[in-house]
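These notes are about the structure you will find just below.
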4 protein chains.
Amino acid sequence: MNERGGQKSSTEVDPSDPQERSDCADTSAACKRGRPRSEAVKENVLRAANELLDERGFKAMTIESIAERAGASKVTLYRWWPNKAAIVMEAFLAAYGAKTPWVHTDSVIDDLRAHMIVFVKVLGGRPGVLLAGLAAEGVLDAEVGDAFRTLWIVPRRAEATKSLKKGVASGELRADLDVEAVIDALYGPMYYRLLVKHAPLTRAYALSLWDVVMRGIAATPEARERAGHGAERTPK
Amino acid sequence: MNERGGQKSSTEVDPSDPQERSDCADTSAACKRGRPRSEAVKENVLRAANELLDERGFKAMTIESIAERAGASKVTLYRWWPNKAAIVMEAFLAAYGAKTPWVHTDSVIDDLRAHMIVFVKVLGGRPGVLLAGLAAEGVLDAEVGDAFRTLWIVPRRAEATKSLKKGVASGELRADLDVEAVIDALYGPMYYRLLVKHAPLTRAYALSLWDVVMRGIAATPEARERAGHGAERTPK
Amino acid sequence: MNERGGQKSSTEVDPSDPQERSDCADTSAACKRGRPRSEAVKENVLRAANELLDERGFKAMTIESIAERAGASKVTLYRWWPNKAAIVMEAFLAAYGAKTPWVHTDSVIDDLRAHMIVFVKVLGGRPGVLLAGLAAEGVLDAEVGDAFRTLWIVPRRAEATKSLKKGVASGELRADLDVEAVIDALYGPMYYRLLVKHAPLTRAYALSLWDVVMRGIAATPEARERAGHGAERTPK
Amino acid sequence: MNERGGQKSSTEVDPSDPQERSDCADTSAACKRGRPRSEAVKENVLRAANELLDERGFKAMTIESIAERAGASKVTLYRWWPNKAAIVMEAFLAAYGAKTPWVHTDSVIDDLRAHMIVFVKVLGGRPGVLLAGLAAEGVLDAEVGDAFRTLWIVPRRAEATKSLKKGVASGELRADLDVEAVIDALYGPMYYRLLVKHAPLTRAYALSLWDVVMRGIAATPEARERAGHGAERTPK
DNA sequence: CCTTAATCGAGACGGTACGTCGGGTCTTCGA
DNA sequence: TCGAAGACCCGACGTACCGTCTCGATTAAGG
């Protein structure tokens, strides 16, 4: 996300360093007339947002407070982000965007299981809190909802689709799967607990879900049988 | 916020207490002091809230506008409801609290199927819009979340639990079910689409979910087989 | 506003009539059936008003707080007093209505001196605080102003007029006096300090005023001379 | 209340500081950060306040209505003035701050007479109405009272003190004057009528007061005599 | 005794204004 | 150019009192 990271970190080491302007001495072409955009601002904003998110939560955190904490002006925030959800989204993706990978072995059923375990762990931690705020805000504000789907939901579903189709192709899964519905059957209950908070997001929960769904979509009795014992195979 | 609000809303929205006005008959004389609460106000407020919900949506609707539309004062609203979500909740329950019934035949699998069909239809309509707002607000505001779970989520899950346990007892469903997880597997994906809005809530979707889950939890191959054809049995 | 307010206050001006209950014995038609007014309520209200006046001051004291403190309902207060100033007025008159008497010796100049001394002492104490609140409220609210003038200002000025006219008649004071202006010259500066609070209301202040005015209005050089030493004659 | 308000109003209403905008010329660079205060807003607010004062009077005029009339936001008002009295005070001083000048001829007694005539005319007109509201509010609210004394009462009394001391020095007035009390004897009765409204503020009234007081403070019989005829010398 | 009428408490109610918060926008200066 | 400071309008917040309006309960005089 930040292509100037190297030059950045030298600044960041000492945040109290006042002569940020010596940039132009070493880099030359990039340094045009006028004050260059400060990357430090972005970092300060994201850092401030993260802090406030933890201190006050999504709703109580305001653009105003972020700006103050970051030592930035509100105008600057509005220049780079359309609303507070966008800031949180960026902070979230920067920190956790790569935390829910798919592994691709020769058993799709196992891959799904591994993913579920990772995913429930992510949702159960701090990223889950941010995600819940973003999802909720996305319900109340269409623009935020679009961003949330585009940047978070869709990419992950695409991976899942790929995996499930591979499983169908390999005969591991039933041929008549409603792929979309199956993805929803896997992810849906996780978000349900994340948002409604009627019960905790545990590893056991993820495995129970995986168990039920695998029994329902595995093509062969053997695969079904394997799934049926999944919850017990790996103690929490 | 308003200490009476919580107690109030939980009392007033409870659909199982039809004779709310007869408080004073059984309780002591002290309860009849002062001017009694005007029922007309309550009705006006709920009607106004419903109108504004449709006109502007959950987020854009304000306490102020409800009061104005209802011809009531803000203080009166704050006297009876702790926040706007509580008003919406009460309006919602009054209108749709009994719209997702459970039928209890001798086949639990069929009962679940019937419920899923009814439920997806409710979520796909106006009640779904209100529910989404309430759920989202519940994520952002703990007090609202409590009310949402207590008044909406829990009662429905209790019914589902009863049904599933009956199925287990009758041998129709597998004996080693994780009942809570199965309920989540059924409801979760519905709320997931309701809130994330990545795809529509159709009858076919409900049946696909039911199909997957039933295959995973039915005890006998025959039952599993029945489920496997469920989606096709009833054209949309 | 409240047509009974006027009638009320005229009654209340005379605090020395405790047996209001015996109305029906002498009067006839006016005394109807029904529950008689509770004197206890009146006492509670006046006591509560006095307490709150001391605790919070005139502005911060509200009808609501008086009612609560008195254990009375707001309606009861509004039934008997048109506004909070009327309550304070009644409480004030009951406590201090007779605290600024005129003595009538054979020297009007001495009488004025004695009155000034008494008056400045009253204004400088708790009654002064109440009086200031009443006067200020009377400026901002015409109805209160009327009551203040009628019940407090006018009676005292009438006494003063009587005294001054006597002085003129006896030849002690100049014959061409503008009596009204002289009364204003005596009372005015006292209220000025009471309201503007730029300096304290001391006995010395009262004597200084008396000194200046007496020199200006005494008929004979001897009288003038007597006044000229008045401030010193009685050490503070 | 608003810590800037106090400092502000005392700065801005000082009529002896015409070049308020050139602050930054002499002070440091730090003062010019941010958008400068809009003078137009100030003007609009004061104009609106004046209009509403005439239309509704001091008590019925609200901050809200001023803001609306001025096309300003309430926050902006609260930023610059601590309360409505401060706004009225500023509006008042802007319009009438210089309307009660002191002339200094070689006769202090004549100067006082001239001032009394001017002053009673001011009090009897629109400025008197505003002054009454400010004074009354100052009684009920200590902060307002402070401002009223500091910005209005004290400066005028300082002039009067100067004049009286000159008269004493020149031998025109008695040497043993209690200067403060004499000032109170002159101003007090005017404010008394202004606030209590028991009689009108006429030129004749001012002259009567002047007459009485001058007789009391003039040093020589001749001066006393002059004063004694003052009321007749200048027909109203 | 038993109306009948007034008073009292409690407290709901519509209203107006309060003083504050945050959202976006804009204006100026300095880098 | 960009960015910080901060003024500005706007809309809503939740609260405080106002003055009015039911209620049930209480209290006497008069029938």
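Below, each value reflects all heavy atoms present in this structure, side chains not excepted, and no hydrogens, waters or symmetry copies. Source: prediction; values computed, not measured. Residue numbering restarts at 1 for every chain, and letters A, B, ... go by the order of the sequence lines.
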Open item on the list: Using side-chain heavy atoms (C-beta onward) and a distance below 4.5 Å, is Arg69(B) in contact with Met61(B)?
Closed with: no
[X] has an atom [atom1]; how far is it from atom [atom2] of [N], in whole Å?
{"X": "Asn83(A)", "N": "dG24(E)", "atom1": "CG", "atom2": "C1'", "value": "12 Å"}
{"X": "Lys59(B)", "N": "dG11(F)", "atom1": "NZ", "atom2": "P", "value": "17 Å"}
{"X": "Lys84(A)", "N": "dG22(E)", "atom1": "NZ", "atom2": "C1'", "value": "10 Å"}
{"X": "Glu39(B)", "N": "dC23(F)", "atom1": "CD", "atom2": "C1'", "value": "15 Å"}
{"X": "Asp141(D)", "N": "dC18(E)", "atom1": "CG", "atom2": "C1'", "value": "14 Å"}
{"X": "Leu77(A)", "N": "dG6(F)", "atom1": "CG", "atom2": "C1'", "value": "14 Å"}
{"X": "Met61(A)", "N": "dG23(E)", "atom1": "CE", "atom2": "P", "value": "10 Å"}
{"X": "Arg37(D)", "N": "dC9(F)", "atom1": "CZ", "atom2": "C1'", "value": "16 Å"}

Can you list, pair by pair, the side-chain donor-acceptor contacts under 3.5 Å of residues 137-144 of chain A, counting residues two or more places apart and other chains?
unit_1    : atom_1 : unit_2    : atom_2 : d
Glu137(A) : OE2    : Lys59(B)  : NZ     : 3.1
Asp141(A) : OD1    : Glu143(A) : N      : 2.9
Asp141(A) : OD1    : Val144(A) : N      : 3.4

TODO: Under 4.0 Å from any atom of DNA chain F, heavy atoms only: list the residues of residues 62-71 of chain C that qualify, in numerical order.
DONE: Thr62(C), Ile63(C), Glu64(C)
- [ ] Not counting sequence neighbours, which residues clear side chain to side chain donor-acceptor pair (under 3.5 Å) with Arg35(B)? List them please.
- [x] none
- [ ] Please name all residues satisfying side chain to side chain donor-acceptor pair (under 3.5 Å) with Arg47(C), sequence neighbours left out, ordered by chain then number.
- [x] Asn44(C)
For nucleotides 25-27 of chain E, list the nitrogen or oxygen atoms of the protein found under 3.5 Å from its nitrogen or oxygen atoms, one pair per line.
unit_1  : atom_1 : unit_2   : atom_2 : d
dC26(E) : O2     : Arg35(D) : NH1    : 3.2

Considering all heavy atoms, the nearest [X]-[Y] contact:
{"X": "Ile87(C)", "Y": "Leu46(C)", "result": "O-CD2, 3.9 Å"}
{"X": "Phe58(A)", "Y": "Lys84(A)", "result": "O-NZ, 2.8 Å"}
{"X": "Asn50(D)", "Y": "Ala91(D)", "result": "ND2-CB, 3.9 Å"}
{"X": "Ala85(B)", "Y": "Leu134(B)", "result": "O-CD2, 3.4 Å"}

Under 3.5 Å, which donor-acceptor pairs do the side chains of residues 70-77 of chain C form with other protein atoms, sequence neighbours left out?
unit_1   : atom_1 : unit_2   : atom_2 : d
Ser73(C) : OG     : Thr76(C) : N      : 3.4
Ser73(C) : OG     : Thr76(C) : OG1    : 3.1

At under 4.0 Å, does any side-chain N or O of [X] touch on OP1 or OP2 of [N]?
{"X": "Ser38(D)", "N": "dA7(F)", "answer": "no"}
{"X": "Trp80(B)", "N": "dA12(E)", "answer": "no"}
{"X": "Arg79(B)", "N": "dA12(E)", "answer": "yes"}

Open item on the list: With nearest nucleotide decided by heavy atoms, which residue, Ser73(B) or Pro82(A), maps closer to the 5′ end of DNA chain E?
Closed with: Ser73(B)
